[in-house]
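Numbering of residues begins at 1 and proceeds along the displayed sequence. Remember, it's a predicted structure, so these values are computed and weren't measured experimentally.
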Amino acid sequence: MMKMKYTLIHKPNQNSKSLKTNGLVSLLAFVKHASCAGFNPRTKPSFRTTLRFLENFHTFFYSFVDKKFSIIPSLAFDPTEKGQFSNRIGRAFADYFAKKLYGARFTYCYECYAKNVGVSTKGVHPDFYCDSPNGSFVIESKGYSHKTFSDKQMQNVKRQASSVLNKHNLKFSIASVTYNIYDSPIIKYYDPKFEPNDTDETLNLKLRTSYFEFFKGLMGHLRTQSPFKLNDEYIAATLGVYGDIEFKLLVNKNILSENHKYSWLEKVDTIDEENYYIDRDGIGLYFDFSKIKLDPLRYPCLCPMLLQSNFYESKNG
């Protein structure tokens, strides 16, 4: 399994000391979180959806081989490209730790949340709205190539994260900053404020239903589907083929059967195995890494990345 080392500096609340730990994140986990962070469930499945997964797999594959993030050399001096690349990494880690540390099951863009509750998105606001059994919360996410990012600098991120607190019963916010990206990523994950809050279950149910309907619709657009042999709770659908190696989307059977009671979600936990990853939302990815033959010069095995995609447009659009 391809994994990358990270350093997490976690501050559980504003009065606590920072806790520093080292960990490993797998490629498939990172691709899943990079692809679904800030998801907007109001959209409809399209070919661009599959490209998002495929592009992230391609983009980050070489980084995980090298054990550090690296942008395409031809774009390495373009500040806009570097900024967008850093932002994607920051968003992925923010989503990853929302699930890992705080039990979130779904992470939506704040704009989607605001639209559903009828509030303006003008002015300063966080990036994500998260649905968790422990209560809803928001996250501000940043990603930088800087080698350092001080606690003083974190104050601005914390202010943005907490800018909408006390509105609509949101009382819990997280400031997430990923930096030192091109060496060994460091993530500061700070909780500036926490108070128990009543979850808006009506809103969360609406967002979850849209989220699951999206993935059910996406599965309907993918030609090749079959029961996932390594976990009988999931259906696998091929997103694309690299030579003869299939890159697959995994979806819990309850999503396809329109089981929206969500009691089944309580039994879903993160699974991070050799060739597959399943997230807390019942969505995962599969790729058989044992079939890859790496060229030590520059791993050209995945160069033909504009591969055969298994997405098709139905007759009804």
Side-chain angles (χ1 to χ4, degrees), residues 25-57 60 88 91-100 102-109 112 128-133 204-222 224-240 246-273 275-287 309-311:
V25 60
S26 69
L27 171 60
L28 290 180
F30 193 84
V31 171
K32 163 51 173 79
H33 290 277
S35 300
C36 296
F39 193 87
N40 180 2
R42 295 173 62 88
T43 59
K44 294 182 179 180
S46 69
F47 180 55
R48 295 175 66 184
T49 308
T50 63
L51 285 181
R52 183 175 176 85
F53 285 102
L54 296 172
E55 180 192 8
N56 281 326
F57 185 81
F60 295 114
R88 288 165 68 186
R91 289 168 63 89
F93 275 119
D95 186 85
Y96 179 74
F97 287 113
K99 311 286 181 67
K100 187 178 180 67
Y102 289 94
R105 292 200 180 274
F106 306 92
T107 303
Y108 312 110
C109 67
C112 182
F128 303 139
Y129 169 80
C130 301
D131 172 6
S132 163
N204 287 342
L205 180 61
K206 181 179 180 181
L207 292 173
R208 286 177 214 162
T209 300
S210 295
Y211 185 84
F212 286 148
E213 284 297 320
F214 175 92
F215 279 100
K216 180 183 177 183
L218 179 58
M219 292 290 279
H221 283 286
L222 297 173
T224 307
Q225 296 185 37
S226 61
F228 184 48
K229 295 180 181 180
L230 300 178
N231 189 318
D232 60 11
E233 291 297 313
Y234 288 80
I235 299 296
T238 303
L239 290 166
E246 294 181 308
F247 180 47
K248 296 183 178 182
L249 176 70
L250 308 177
V251 176
N252 192 287
K253 289 180 178 178
N254 285 288
I255 296 172
L256 302 180
S257 64
E258 298 186 6
N259 182 353
H260 294 327
K261 294 181 179 180
Y262 303 116
S263 57
W264 60 271
L265 264 176
E266 297 175 3
K267 301 177 182 178
V268 175
D269 206 352
T270 302
I271 301 176
D272 203 353
E273 296 290 344
N275 292 322
Y276 77 99
Y277 175 79
I278 291 173
D279 199 3
R280 290 174 52 81
D281 56 4
I283 304 295
L285 295 172
Y286 169 86
F287 189 81
S309 172
N310 277 305
F311 183 92

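Only one option out of Asp95, Asp269, Asp131 pairs with Arg280 in a salt bridge (Lys or Arg N to Asp or Glu O under 4.0 Å); it is Asp269.
For the pair Phe128/Arg91, a side-chain contact is recorded, criterion being any heavy-atom separation below 4.5 Å from C-beta on. Contact check for Asp281 versus Asn252: no side-chain heavy atoms found under the 4.5 Å cut-off. Contact check for Lys229 versus Tyr286: no side-chain heavy atoms found under the 4.5 Å cut-off. A 4.5 Å side-chain heavy-atom check between Glu233 and Val268 finds every atom pair outside the cut-off.
Considering all non-hydrogen atoms of both residues, Lys99 and Phe106 come closest at CE-N, 4.1 Å. The two residues Ala34 and Arg52 have their closest heavy-atom pair at O-NH2, 3.2 Å. Shown here for Leu250 and Ala236, the closest heavy-atom pair between the two residues is CD2-CB, 3.7 Å. Minimum interatomic distance between Ala237 and Gln225 (heavy atoms only, all atoms of both residues): CB-CG, 3.8 Å. Taking every heavy atom of both residues into account, Leu28 and Asn275 meet most closely at CD1-O, 3.3 Å. Met219 and Leu256 get closest at one heavy-atom pair: CG-CD2, 4.0 Å.
Within a 6.0 Å radius of NZ in Lys100, other residues, nucleotides and ligands contribute 12 heavy atoms or fewer.
With rounding to the nearest 0.5 angstrom, the OG1 atom of Thr224 is 6.5 Å from the CD atom of Glu246. One finds the CZ atom of Phe215 at 4.0 Å from the SG atom of Cys36 (value rounded to the nearest 0.5 Å). One distance of note links CG of Asp279 with OG1 of Thr270; it measures 5.5 Å at 0.5 Å rounding. Considering CD1 of Ile255 and CD1 of Ile235, their distance stands at 11.0 Å, rounded to 0.5 Å. Taking CG of Leu207 as the reference point, atom SG of Cys130 lies at 11.5 Å (rounded to 0.5 Å).
For Phe53 and Phe247, the gap between ring centers reaches or exceeds 6.0 Å. Residues Tyr234 and Tyr276 place their aromatic rings such that the two centres sit no closer than 6.0 Å.
Ring geometry, Phe93 versus Tyr96: the interplanar angle exceeds 60°, so the pair is classed perpendicular (tilted spans 30 to 60°). The aromatic rings of Phe287 and Phe57 are tilted relative to each other, their planes meeting at an angle between 30° and 60°.
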inquiry  = Determine whether Asn204 and Tyr108 satisfy the following criterion, side-chain hydrogen bond (donor to acceptor under 3.5 Å, both in side chains), listing intermediate values before the conclusion.
reply    = CA-CA 10 Å; Asn204 287 342; Tyr108 312 110; over 6 Å; no
request  = Would you sort out whether Leu222 and Thr50 count as a side chain to side chain contact (heavy atoms under 4.5 Å, CB included), showing the intermediate values?
outcome  = CA-CA 9 Å; Leu222 297 173; Thr50 63; 3.9 Å; yes
inquiry  = side chain to side chain contact (heavy atoms under 4.5 Å, CB included) for Leu285 and Leu249? Distances and angles first, verdict last.
reply    = CA-CA 5 Å; Leu285 295 172; Leu249 176 70; 4.3 Å; yes
task = Take Phe228 and Val251 through the test side chain to side chain contact (heavy atoms under 4.5 Å, CB included) and record every step on the way to the result.
result = CA-CA 9 Å; Phe228 184 48; Val251 176; over 6 Å; no
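Judged by distance alone, with hydrogens and angles left aside, the side-chain atoms of Ser35 form no donor-acceptor pair with the main-chain N or O of Asn56 at under 3.5 Å.
Using a cut-off of 4.0 Å between Lys/Arg side-chain N and Asp/Glu carboxylate O, Lys32 and Asp272 are scored as not salt-bridged.
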